[in-house]
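To start, the structure under review is shown below, and the notes come after it.
Each residue takes its place number in the sequence, starting with 1. Everything quoted here is computed from the prediction, not taken from an experiment. Keep in mind that the numbers below use all heavy atoms, side chains included, and drop hydrogens, waters and symmetry copies.
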Amino acid sequence: MCGMPQQPPVRSTPARASRPDASMSLLTNVMDHSLDDGYAEAAARKQAEGAGGMPKTLRAKLGLAAGLVLAALVVTVGAAQARIAAPVVAKEREDLIDRIDRETEAADKLESTVDELRDDVSARQREALRESGGGDQAELVGILAGAVEVHGPGIKLVVDDAKEASTGGDSDPRETSGFSDTGRVRDRDLQRVVNGLWASGAEAVSINGQRLTALSAIRAAGDAILVDNKPLVPPYTVLAVGDGKNLSTRFQDSADGLYLHALQENFGIRTAISVEDDVRLPAAPSVIVRTAQPRTEKGTS
C-alpha cells in the first residue's frame, strides 16, 4: 500500500510556569538580599564578639571608674601641693605686712618731723618780721597771708553729706554736670562756701584744720575732696575769723549762702552755722612772707 509518508506527530512541550513578580527582578533582589555582604559580615563578627567578649555596659563602667580615679588623683596631688606651699605663702604675707607697718611708721615719723620744722620756720619768720621793723603792718601781712596762727571772734559752719545720699536722674542738673551722687558735698560746693565767706568779710578761713591762703586749691580726686593736696573727710568744718554776727548774716544773705541753702532743701545736704566768740586757726604750712621796700631815685632802698 502506498501513500504519503507519515511523519511522527509533533509534541509540544508544556511551557514553564513563570513567577508573578518575574518583571520586578530588581526589587525582588533587593528584598531577598536586603543586607549588604559587608554589613552582614560585620554584624556576624559583632555578634560573635558579644557572645565571647566583654559586655558594652561593663566596659563603660570600667572607663568611668578609671576617669574618676584619675580625677581624684589630680585633686589629691593639687591639695598636697597647696598644703606644701601654704606655709611659704603665709610667711611671705607676714613679711609684707611687717614691711608695710615699718614703712608706715617711718612715714609717720617723717611727717611729724616736717610739722615740727614748719612750726620752727614759722616762728623764726615771725621773729624776723618783728626784728625787721615791720611792726603791726608785718603782723597784719602775716595774718592775711596765713603764715601765722590767728584767733578771734567768727563763725563755725559745718557742711555734711545727706543722710541717705541718692543718685539723681538724667534731668538733674548736678547729675548732668558729672555728679554721681547728688547727696554728697562736692569740691565746687566748698569752693563757693569759702569764696562767699571771703566776700562777706572773713579775715581767715580754714577747713578741717587746713588753713586757706590766696594760693590754696580745693579740688576733687574721685570721691575725695582735697585742700592743698590733703584729703578731707566729711563732715567739713569751716572756721572763719571776723565779725561773727555780721559775717554770719552777710554770708547767709549772699548768693553763695543761698546756694548752700538750696543744696540743703533740694538734696538733703546738712548744714549748721553758729556764731563763735573765739575760733582758732592754725598757720598754713610752707608760707613765706616777703615785704617790698620802696625804691629811691638812685636805685637804693
Side-chain angles (χ1 to χ4, degrees), residues 115 118-119 122 126 139-165 174 179 181-221 223-287:
D115 292 337
R118 284 175 177 171
D119 294 340
S122 298
R126 291 192 296 269
E139 187 71 16
L140 178 60
V141 171
I143 292 175
L144 297 178
V148 297
E149 298 179 1
V150 295
H151 71 92
I155 64 172
K156 177 182 178 181
L157 175 61
V158 180
V159 184
D160 198 1
D161 297 336
K163 290 183 178 179
E164 296 181 358
R174 287 168 65 88
F179 289 93
D181 194 338
T182 59
R184 301 197 61 180
V185 179
R186 297 299 178 178
D187 55 338
R188 76 170 186 177
D189 301 334
L190 290 183
Q191 290 173 4
R192 295 202 59 167
V193 168
V194 171
N195 289 334
L197 289 173
W198 287 122
S200 300
E203 300 173 5
V205 180
S206 70
I207 303 178
N208 285 14
Q210 296 294 322
R211 180 76 173 274
L212 301 181
T213 69
L215 303 178
S216 296
I218 302 176
R219 295 288 184 266
D223 291 332
I225 296 179
L226 308 180
V227 174
D228 292 335
N229 295 325
K230 290 187 176 181
L232 306 181
V233 295
Y236 306 101
T237 301
V238 183
L239 299 178
V241 175
D243 187 354
K245 187 175 181 180
N246 291 334
L247 179 59
S248 175
T249 302
R250 291 174 183 173
F251 172 74
Q252 294 184 70
D253 293 339
S254 66
D256 297 313
L258 295 176
Y259 170 82
L260 186 60
H261 181 71
L263 294 182
Q264 182 179 7
E265 291 293 328
N266 298 327
F267 305 109
I269 289 179
R270 294 170 287 176
T271 63
I273 187 170
S274 60
V275 178
E276 303 291 334
D277 294 332
D278 185 60
V279 293
R280 294 183 175 273
L281 278 66
S286 304
V287 175

Review point. Do you know the tightest heavy-atom contact between Pro234 and Asp160?
Key: CB-OD1, 3.5 Å
Revision key, fill the gap. So CG of Leu258 and CD of Gln252: to nearest 0.5 Å the spacing works out to 9.5 Å
Review point. Under the salt bridge (Lys or Arg N to Asp or Glu O under 4.0 Å) criterion, do Asp278 and Arg280 qualify, and how do the steps go?
Key: CA-CA 7 Å; Asp278 185 60; Arg280 294 183 175 273; 3.7 Å; yes
Review point. Is there a side-chain contact between Tyr236 and Val193, using heavy atoms and a 4.5 Å cut-off?
Key: no
Review point. Rounded to the nearest 0.5 Å, how far does CG of Leu260 lie from CG of Leu157?
Key: 6.0 Å
Review point. Asp189 and Ile269: which non-hydrogen atoms are nearest, and at how many Å?
Key: OD2-CD1, 4.5 Å
Check your understanding: For Ala162 and Phe267, which heavy atoms make the closest approach, and how far apart are they?
Key -> CB-O, 3.6 Å
Review point. Got a second to check how far Leu226's CG is from Gln210's CD, nearest 0.5 Å?
Key: 10.5 Å
Review point. Heavy-atom distance under 4.5 Å between the side chains of Arg211 and Val150, does that happen here?
Key: yes
Practice item. Give a yes or no answer on whether the side chain of Asn208 reaches the backbone of Val233 with a donor-acceptor pair at less than 3.5 Å. Key: yes
Study note, to complete from the structure: Rounded to the nearest 0.5 angstrom, the CG-CD distance for Leu281 and Glu149 is 9.5 Å
Practice item. Assess whether atom CG of Asp253 is packed by more than 12 heavy atoms of other residues, nucleotides or ligands within 6.0 Å. Key: yes
Point to revise | Check: Arg270 side chain, Asp161 main-chain N or O, donor-acceptor pair, under 3.5 Å | key: yes
Review point. When Ser206 is tested against each of Leu212, Leu239, Val279 for side-chain contact (heavy atoms from CB on, under 4.5 Å), which residue passes?
Key: Leu239
Exercise for review: Drop me the distance from Ile155's CD1 to Asn246's CG, to the nearest 0.5 angstrom.
Suggested key: 11.0 Å
Check your understanding: What closest approach, in Å, do Gly209 and Pro282 show between heavy atoms, and which atom pair accounts for it?
Key -> O-CG, 3.2 Å
Exercise for review: Would you check if the side chain of Thr249 reaches a backbone N or O of Lys245 as a donor-acceptor pair within less than 3.5 Å?
Suggested key: yes
Review point. Are any non-hydrogen side-chain atoms of Ile207 and Ile218 less than 4.5 angstrom apart?
Key: yes
Practice item. Say whether, by atom type as modelled, one donor and one acceptor occur between the side chain of Asn195 and the main chain of Arg192 under 3.5 angstrom. Key: no
Exercise for review: Could you pull out the closest heavy-atom pair between Leu247 and Ala240, with the gap in Å?
Suggested key: CD2-CB, 4.0 Å
Exercise for review: Enter the distance from Gln264:CD to Tyr259:OH here, rounded to the nearest 0.5 Å.
Suggested key: 13.5 Å
